[in-house]
Amino acid sequence: MGHGGDVIAELTTDHQEVEELFAKIQGLPSGDPRRKNYADQATMELVRHSVAEESYLYPAVREHVPQGDELADQELRDHAAAERTMKELEGCAADDPRFDELMMRLMNEIRSHVADEENNLFPRLRQACPADMLNELGDKVRQAKKTAPTRPHPSAPDTPPANKLLAPGMGLVDRLRDAMTGRGKD
């Protein structure tokens, strides 16, 4: 979290980090409790990443990219589906029979979403926006991730201004819960 560079570099690095967590999960046998820890870490990163995109990236896409409304709406639908899966996964231990199915669903949802962003949305955004705007968006995304929630909240608003107002408070509560439970720690 907080890598530097323009918004595309920042978010692409996030994608790579989540993929590394997915690889760790896949490298462990079914039922291994470390899989749950890595799933929690992936969820924490994905939720922060999604909140930052919803707060700053997608509004910029709507404003600057041709057919940006359709692109942003599709990305929000992808986020909503993944967030529902993460919420279901949150209640599963690594040895729960549903854990593997939900983890595979989440990995497929995220990999499809990442491929779409990196192959479609990001090139169109880079073409539509000057470098200084992309750098400014990168700074905003990094700031948003610092206070964003770390747990899925499927019923929370996903568009400004409501998401920008509520996310820091939900994030504070989530980080306190994480600290108290040790969630997401190695």
Side-chain angles (χ1 to χ4, degrees), residues 1-5 7-55 57-58 74-122 141-142 144-156 158 163 167 170-186:
M1 184 173 79
H3 315 291
V7 68
I8 295 169
E10 178 74 20
L11 297 174
T12 300
T13 301
D14 286 353
H15 294 164
Q16 293 164 350
E17 289 177 352
V18 167
E19 185 57 40
E20 289 170 12
L21 290 167
F22 287 167
K24 288 178 180 182
I25 293 166
Q26 290 180 302
L28 292 169
S30 184
D32 188 311
R34 293 173 292 178
R35 289 172 56 109
K36 175 63 173 173
N37 187 51
Y38 290 133
D40 287 344
Q41 289 177 22
T43 296
M44 294 165 85
E45 292 305 316
L46 287 166
V47 171
R48 286 191 287 243
H49 176 93
S50 296
V51 167
E53 285 184 334
E54 291 164 5
S55 296
L57 177 67
Y58 300 148
Q74 179 57 51
E75 301 301 332
L76 289 171
R77 285 190 293 274
D78 290 350
H79 281 199
E83 194 156 12
R84 287 189 300 271
T85 302
M86 286 185 281
K87 190 66 177 173
E88 285 184 69
L89 191 60
E90 189 176 45
C92 289
D95 60 355
D96 185 310
R98 295 180 47 236
F99 182 88
D100 289 345
E101 177 227 325
L102 290 168
M103 198 66 238
M104 284 305 300
R105 182 189 326 158
L106 180 64
M107 287 190 267
N108 289 335
E109 289 168 343
I110 296 304
R111 287 172 174 155
S112 174
H113 176 74
V114 164
D116 184 53
E117 278 190 346
E118 292 184 2
N119 298 321
N120 185 26
L121 188 142
F122 289 171
V141 161
R142 278 184 288 284
K145 287 192 294 183
K146 289 178 184 177
T147 60
T150 61
R151 295 171 181 261
H153 298 277
S155 59
D158 57 10
N163 65 341
M170 288 187 302
L172 177 63
V173 171
D174 286 354
R175 284 187 302 284
L176 288 170
R177 287 178 63 200
D178 294 342
M180 290 170 39
T181 63
R183 178 177 173 262
K185 303 286 184 220
D186 277 330

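We count residues from 1, following the sequence as given. Note that these values count all heavy atoms, side chains included, but never hydrogens, waters or copies made by symmetry.
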- Message: Show, in sequence, the C-alpha distance, side-chain angles and deciding distance for K145 and D14, and conclude whether the side-chain contact (heavy atoms from CB on, under 4.5 Å) test is met.
- Response: CA-CA 11 Å; K145 287 192 294 183; D14 286 353; 2.8 Å; yes
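Nearest heavy-atom pair across A82 and I110 is CB-CD1, 3.8 Å. In this structure, V47 and P149 approach most closely via the heavy-atom pair CG1-O, 3.3 Å. Summarising the geometry of R35 relative to I25, their closest heavy-atom pair is NH1-O, 3.1 Å, with the distance given to 0.1 Å. Taking each heavy atom of A94 and P33 in turn, the nearest pair found is CB-CA, 3.9 Å. Residues L89 and A39 approach most closely at CD2-CB, 4.3 Å, considering heavy atoms.
Counting only heavy atoms from C-beta outward, the side chains of T13 and E17 approach each other to under 4.5 Å. Proximity of H49 to H15: side-chain heavy atoms (C-beta onward) are separated by under 4.5 Å at one or more points. Looking only at side-chain heavy atoms (C-beta outward), T43 and L46 stay at 4.5 Å or farther from each other. The shortest side-chain heavy-atom distance between M107 and Q26 falls under the 4.5 Å cut-off. Looking at Y58 and L121, their side chains come closer than 4.5 Å, going by heavy atoms from C-beta outward.
In this structure S50 satisfies the side chain to side chain contact (heavy atoms under 4.5 Å, CB included) test together with E54, H79, sequence neighbours excluded. Residues that satisfy the side chain to side chain contact (heavy atoms under 4.5 Å, CB included) test with N108, not counting sequence neighbours, are absent from this structure. E19 meets the side chain to side chain contact (heavy atoms under 4.5 Å, CB included) test with F22, R111; sequence neighbours excluded. When the side chain to side chain contact (heavy atoms under 4.5 Å, CB included) test is applied to E20, no partner is found at least two apart in sequence or on another chain.
Annotation: the span from L57 atom CG to E75 atom CD amounts to 8.0 Å, rounded to 0.5 Å. To the nearest 0.5 Å, atoms CD (E118) and CD (Q16) are separated by 7.0 Å. The CE atom of M103 lies 12.5 Å from the OG atom of S30; values are rounded to the nearest 0.5 Å. The distance from the CZ atom of R183 to the CE atom of M44 is 5.0 Å, given to the nearest 0.5 Å. Here CZ of R48 is found 15.0 Å from CZ of R142. Values are rounded to the nearest 0.5 Å. Distance check, rounded to the nearest 0.5 Å: CD of E53 to CG of L76 gives 9.5 Å.
For residues 81-110, the set of pairs meeting the ring-ring contact (aromatic ring centres under 6.0 Å, His included) definition, not counting sequence neighbours, is empty. Counting only residues at least two apart or in different chains, salt bridge (charged side-chain N to carboxylate O under 4.0 Å, His left out) contacts with residues 82-92 comprise K87-E90, E88-R98, E88-R105, E90-R151.
Using a cut-off of 4.0 Å between Lys/Arg side-chain N and Asp/Glu carboxylate O, K36 and D96 are scored as not salt-bridged.
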